[in-house]
*Asks:* 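First the structure, then my questions, so here it is.
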Amino acid sequence: MRAFRRLLLMAALLGLWEAAARLLAIPAYILPPPSAVGVGLYRGFRSGIFIENIWITMLETFLGFVLGASTGFLLGTAVALSRRFEYYLYPIIIMFQAMPKVALAPLIIVWFGLDLTSKVINAGLVCFFPLMVNTIAGLRAADEDRISLMRSLAATPAQIFWMLRLPGALPSIFAGLEIAMIFALIGAIVAEFVGAQSGLGVLIQSMNFSMDVAGQFSVLFILSLIGLALNGIVTAVRRRVVFWDNNGRGHQLGGKP
Amino acid sequence: MPPQDELIAVKGLTRRYGAVTALDHVNLTIASGALVAIVGPSGCGKSTLLRILAGLMPPTEGEAWLQGSRIEGPRRDIGVVFQTPVLFPWRSVLDNVLLPVDVQRLGRDKMRATAMNLLRMVGLEGFETHLPNQLSGGMQQRAALVRALIHDPSVLLMDEPFGALDAMTREQMNVELQRIWLERRKTIVFVTHSVGEAVFLADRVVVMSPRPGRIVDTLDIDFPRPRPLSVMNTEAFGVHVSRIREKLNATGGLE
Ligand SMILES: Nc1ncnc2c1ncn2[C@@H]1O[C@H](COP(=O)(O)OP(=O)(O)OP(=O)(O)O)[C@@H](O)[C@H]1O
Ligand SMILES: [Mg+2]
């Protein structure tokens, strides 16, 4: 019943939008009615232009996510486990984080060219930080009593890491992965805006250029679906891996793209 | 070198945390196979003493010996039960109990049957596959006890293991512990807040003063074993209890 009301509200909002666009005669290049967006979606999919660009953007996002997440995880682990590493490297990493990394995108394009590589690197740069901080926080949060217990059994530091710290950090690491996934999408789109030959970001720009606002809305709609799907994948994996902690939220340490 | 029949020997042991002196020149010897209880007010250094014996922390001064060698770090043949269960939430009860087996690579397959027997003994049969957060506090602490026993250590260090349990479960656990001890003849050092628990369980009760922790009295308790719970209602039991209480009160301890 509540789900039904939720759908009803969405439909009502769309109806209101449609009515307003038509009755107030808002020009389609300012705000197209949802029906025009629907037509734009249909055309885009029929011509195959969406499929091709969705594939490219998702590939960039996914590879960037893998690159950024693994770097973030490794750096986070090193910082959490080694005082020396933390002392020398952490200030540099923090300074790097203070810089809005999307501002790096033009440079990345210059360095790595217009094709896939630069998008992957930009997506990776944007998404590595949330994973790093969440990994550090998770590994550091290991309960003192549990560490004492492991030590009392004469466990080696490696055993303490694999049997206690890492599993204990998983809820926090997955919280980081959820953010990182979305950040990777942002990074990929921004890099496409700055310089690319294909991808949904390029599509938005060319539609903008030809004043196809309905088309842009349809791409935005697709992007939010992609975001939801990517987030859904991470959440589903988390549920299986972190089975003992199913209110997983409340761990996220953010950062900004 | 301490004499051989003394499994644990503590000499002039002092532990300071910054300006706080937790233990002040503690001397104590514990014979092999003994069940010694340590009572004392909160903050008198009982946990500190146990942590030093477990090799988790070095003393500031003095020394602690175990089986003829100085304690310099954790050892494999010690089982520790902490004030809280300290279970790993991602491990099932059985896997939690097998943690020492995994750490010390004793062979899971070989030890599974032992684990099942011990779990049955403490009444956790049927809960092997449950996660810790599906157990009550008392059940969790029983799992922690089984985990301390699984690798069959010669020494058990127990830090108020039953402090968080209700009175009834606690008495059951005391009877259970006595049974395990009679069966396996481990050396047990048992820290508690409860004078009654100490007198019921121990061969010897060590009374400590408030901070800085010193040993102010040692009593030998020689009720025959196995002791039934009804021993608590005897006059001799009451005499011991009130002597310990007096000591604790005289030194400003509570209870
Ligand atoms: N890690 C620590 N850092 C600083 N001071 C500590 C630390 N651990 C214990 N202390 C101090 O040492 C004293 C003894 O602590 P300990 O935990 O050994 O007491 P306890 O007898 O076990 O108390 P309780 O019965 O409440 O568990 C306390 O006063 C405490 O303030
Ligand atoms: Mg204590």
Side-chain angles (χ1 to χ4, degrees), chain A residues 73 76-77 80-81 83 134-178 234-252, chain B residues 47-48 50-58 66 71-93 95-106 129-135 140 143-144 147-153 155-160:
Chain A
F73 174 73
T77 307
L81 296 188
R83 291 270 154 218
N134 279 281
T135 304
I136 296 174
L139 291 175
R140 287 260 166 88
D143 180 47
E144 275 307 317
D145 286 345
R146 292 194 184 127
I147 294 176
S148 289
L149 172 73
M150 288 297 278
R151 286 184 51 218
S152 79
L153 294 168
T156 62
Q159 284 177 321
I160 294 180
F161 177 78
W162 290 109
M163 296 167 91
L164 171 60
R165 284 190 194 274
L166 187 59
L170 282 177
S172 173
I173 289 175
F174 268 92
L177 287 176
E178 279 178 38
V234 180
T235 312
V237 175
R238 189 200 70 207
R239 285 229 179 82
R240 311 209 84 210
V241 177
V242 193
F243 55 88
W244 66 91
D245 179 70
N246 266 331
N247 50 343
R249 302 254 153 205
H251 296 284
Q252 287 184 352
Chain B
S47 297
T48 302
L50 235 53
R51 291 178 68 83
I52 292 173
L53 291 179
L56 290 172
M57 172 199 279
L66 178 75
I71 298 174
E72 259 144 14
R75 302 200 188 179
R76 286 165 153 244
D77 60 344
I78 291 183
V80 185
V81 183
F82 293 90
Q83 276 176 283
T84 51
V86 204
L87 299 172
F88 291 10
W90 51 87
R91 283 176 168 250
S92 67
V93 169
D95 286 343
N96 263 292
V97 160
L98 287 172
L99 182 75
V101 174
D102 291 343
V103 169
Q104 305 185 354
R105 302 208 173 86
L106 304 174
T129 57
H130 284 55
L131 290 176
N133 63 16
Q134 295 171 305
L135 302 188
Q140 291 184 15
R147 180 184 58 200
L149 293 169
I150 187 82
H151 53 308
D152 202 23
V155 180
L156 259 190
L157 303 175
M158 309 181 79
D159 191 355
E160 297 184 45

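Reckoned from all heavy atoms, side chains included, excluding hydrogens, waters and symmetry mates. This one's a predicted model, so the numbers in the text were calculated from it and none came from an experiment. The sequence lines fix the lettering, A, B, ..., with proteins before strands; numbering per chain opens at 1.
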*Asks:* Would you please test D245(A) and R239(A) for salt bridge (Lys or Arg N to Asp or Glu O under 4.0 Å) and show each step?
*Replies:* CA-CA 8 Å; D245(A) 179 70; R239(A) 285 229 179 82; over 6 Å; no

*Asks:* Do L53(B) and L66(B) come within less than 4.5 Å of each other through their side chains, counting heavy atoms only?
*Replies:* no

*Asks:* Any non-hydrogen side-chain atom of S92(B) less than 4.5 Å from a side-chain atom of H130(B)?
*Replies:* no

*Asks:* Is there side-chain contact between V93(B) and T129(B), with at least one heavy-atom pair below 4.5 Å?
*Replies:* no

*Asks:* Write out, in numerical order, the residues from residues 150-159 of chain A with a heavy atom short of 4.5 Å from a heavy atom in chain B.
*Replies:* M150(A), R151(A), S152(A), L153(A), A154(A), A155(A), Q159(A)

*Asks:* Of all heavy-atom pairs between N134(A) and G176(A), which one has the smallest distance, and what is that distance?
*Replies:* ND2-CA, 3.5 Å

*Asks:* Counting only non-hydrogen atoms closer than 4.5 Å, does L131(B) touch chain A with its backbone (N, CA, C, O), its side chain (CB onward), both, or neither?
*Replies:* side chain

*Asks:* Which bit of D77(B) comes within less than 4.5 Å of chain A, counting heavy atoms only: side chain, backbone, both or neither?
*Replies:* neither

*Asks:* Most heavy-atom pairs under 4.5 angstrom with chain A, which of R76(B), Q104(B), R91(B)?
*Replies:* Q104(B)

*Asks:* I'd like to know if the side chain of H151(B) and the backbone of L98(B) have a donor-acceptor N/O pair within less than 3.5 Å.
*Replies:* no

*Asks:* Of all of G55(B), A54(B), P100(B), which one pairs up most often with chain A through heavy atoms under 4.5 Å apart?
*Replies:* P100(B)

*Asks:* Can you tell whether the side chains of D95(B) and R147(B) come within less than 4.0 Å, N to carboxylate O?
*Replies:* no

*Asks:* Hey, is the main chain of L87(B) close enough, under 3.5 Å, to the side chain of N96(B) for a donor-acceptor pair?
*Replies:* no

*Asks:* Select, from L164(A), L170(A), I160(A), D145(A), the one with the greatest count of heavy-atom pairs under 4.5 Å involving chain B.
*Replies:* L164(A)

